[in-house]
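Structure, as structure tokens:
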Amino acid sequence: MEDGDRDGRQEAEESSEEEAVILYSFWKYKKDAGSKKVGSWKFEVGEEVFVILYSDRDTGRGHVESFDASADRASVDFKYRIRYLTDQQYDVRVSRLLPVIQGQRIVVCSETQDFRYLCRTQVRKGDSVIEIGCSYGKGTKILAEQAGGSCVVGTDLSAEALKAAKEESKVSNLLRLDVVSCSAEEKVERLNYLNSLLPQPARVLFLDIGGNRSAEDVVQLVPFLWKVVKPHQIIIKNRELFSNLAKTCSDSMSAIEEVRTKIFATGS
């Protein structure tokens, strides 16, 4: 299916420069829902979800089995019957559920908590993952918990951060490597090298290159990530980029909003 996604993506690139991008702000949505400013997110039967505790401890992936259609789904206390991958079923309050974004996507968020949510929801056991900008390893640890430590490769520019990240995540393949401020040839070489360290080509790529980087740095890098790494999804944390893309949305922007943009074509 992923090969088909790639073929379809190549055809789309030939016919249009527009890119479908998901803007993800679920953390703020959950905060607002908790204070009852907005209604709770609505899930559907069969939908894949991720269940968390308030401590953020991993509690598992599953699907919505059923719910009481006569009850108020806008209530923060509304519960869904969740069937876990172990086949166990439990009623779970909506405040503990996270959606899983499907399909080949670029996903952009602005907040660290949203980035960590995505580290949980978008990575499955055995997925190969590249993380560019692993910092002190908080997200890296989550990725390793989901995929397995041998399936994660990360980079950062700070030797101090990398040392802390290795201790935090127990991931050994964390490298001091710049894939942003280098030539096109070096980008290709270094991205290929990162992919070669994984048991299989990266399925998901996470990108958080820090608050000092402009949105333009990200925009220029993304085409290389698609063409060289060929991941199923690219997850980006960058406040400036999120803000720029959000300007195309209405004031009633959803927690998960799809926008179409030509912004990444500028980096081709």
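- Cation-pi geometry between R81 and F67 is not met at under 6.0 angstrom from the ring centre and within 45 degrees of the axis.
- No more than 12 heavy-atom neighbours from other residues, nucleotides or ligands sit within 6.0 angstrom of CD on E160.
- In this structure the side chain of V152 never reaches within 4.5 angstrom of the side chain of F206, judged on heavy atoms.
- In this structure, the side chain of E186 engages the main chain of S183 through a donor-acceptor pair within 3.5 Å.
- Using a 4.0 Å cut-off between a side-chain N of Lys or Arg and a carboxylate O of Asp or Glu, E18 and R260 qualify as a salt bridge.
- R203 places no side-chain N or O within 3.5 Å of a backbone atom of D127 that could act as its donor or acceptor partner.
- Side-chain contact check for E240 and S243: no donor-acceptor pair (N or O, by modelled atom type) lies under 3.5 Å.
- For F78 and Y80, the distance between ring centers is under 6.0 angstrom.
- Between M253 and A246, the shortest heavy-atom distance links the atoms SD-CB, 4.1 Å.
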Query raised in the report: Taking it one step at a time, do Q88 and T86 satisfy side-chain hydrogen bond (donor to acceptor under 3.5 Å, both in side chains)?
Result: CA-CA 5 Å; Q88 295 174 299; T86 59; 3.1 Å; yes
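- Side-chain atoms of R124 and E48, non-hydrogen and from C-beta on, do get closer than 4.5 Å to each other.
- Put simply, the side chain of E131 never gets that close to the backbone of L174: no donor and acceptor are under 3.5 Å apart.
- Under 4.0 Å is where a charged nitrogen must lie from a carboxylate oxygen, and between K125 and E145 no such pair does.
- Salt bridge annotation for K138-E168: present, with a cationic side-chain nitrogen under 4.0 angstrom from a carboxylate oxygen.
- Here the closest non-hydrogen pair linking K166 and V171 is CG-O, 3.6 Å.
- Side-chain contact between P231 and V204 is absent, with no heavy atoms from C-beta onward closer than 4.5 Å.
- If you look at F26 and W41, their ring centroids are closer than 6.0 Å.
- Contact check for S110 versus K237: no side-chain heavy atoms found under the 4.5 Å cut-off.
- Counting heavy atoms from C-beta on, the side chains of L23 and I256 never come closer than 4.5 Å.
- The residue from I132, I209, V180 that alone fulfils the side chain to side chain contact (heavy atoms under 4.5 Å, CB included) condition with V218 is I209.
- S75 places a side-chain N or O within 3.5 Å of a backbone atom of D77 that can act as its donor or acceptor partner.
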Query raised in the report: Given the rule in the side-chain contact (heavy atoms from CB on, under 4.5 Å) test, do I82 and H63 qualify, once you have shown the distances and angles that lead to the verdict?
Result: CA-CA 6 Å; I82 303 300; H63 290 81; over 6 Å; no
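- A cation-pi contact links K187 to F224, judged by a cut-off of 6.0 Å to the six-membered ring centre and 45° from its axis.
- Around the CD atom of E189, the shell of radius 6.0 Å holds no more than 12 heavy atoms that belong to other residues, nucleotides or ligands.
- Taking both residues in full, the closest heavy atoms of V219 and P223 are given as O-CD, 3.1 Å, listed atom of the first, atom of the second, then distance.
- Looking at heavy atoms from C-beta onward, T261 lies in side-chain contact with L245 at the 4.5 angstrom threshold.
- Salt bridge status for K28 with E111: absent, with no side-chain N to carboxylate O gap under 4.0 Å.
- One finds a salt bridge joining E44 and R73 here, because a Lys/Arg side-chain nitrogen approaches an Asp/Glu carboxylate oxygen to under 4.0 Å.
- With E257 contributing its side chain and S254 its backbone, the two residues share a donor-acceptor pair below 3.5 Å.
- With R120 contributing its side chain and L98 its backbone, the two residues share no donor-acceptor pair below 3.5 Å.
- A donor-acceptor pair shorter than 3.5 Å cannot be found between the side chains of D156 and S158.
- Checking side-chain atoms of S128 against main-chain N and O of Q200 turns up a donor-acceptor pair under 3.5 Å.
- For the residue pair C119 and G139, the shortest heavy atom distance occurs at SG-O, 4.0 Å.
- Proximity of a side-chain donor or acceptor of D114 to a complementary backbone N or O of W27 within less than 3.5 Å is detected.
- Using a 4.5 Å heavy-atom threshold, the side chains of N173 and L198 count as separate.
- Donor-acceptor pairing under 3.5 Å is lacking for the side chains of Q233 and Q104.
- Closest approach of R93 to V76, counting heavy atoms only: CG-O, 3.3 Å.
- Taking the side chain as every heavy atom from C-beta outward, V228 and N192 approach each other to under 4.5 Å.
- Side-chain atoms of D217 come within 3.5 Å of backbone atoms of S214 as a donor-acceptor pair (strictly under, hydrogens ignored).
- With rounding to the nearest 0.5 Å, the separation of CG in L207 from CD1 in I235 is 10.5 Å.
- In plain terms, the two heavy atoms of R176 and A159 that are nearest each other are NH1-CB, 3.8 Å.
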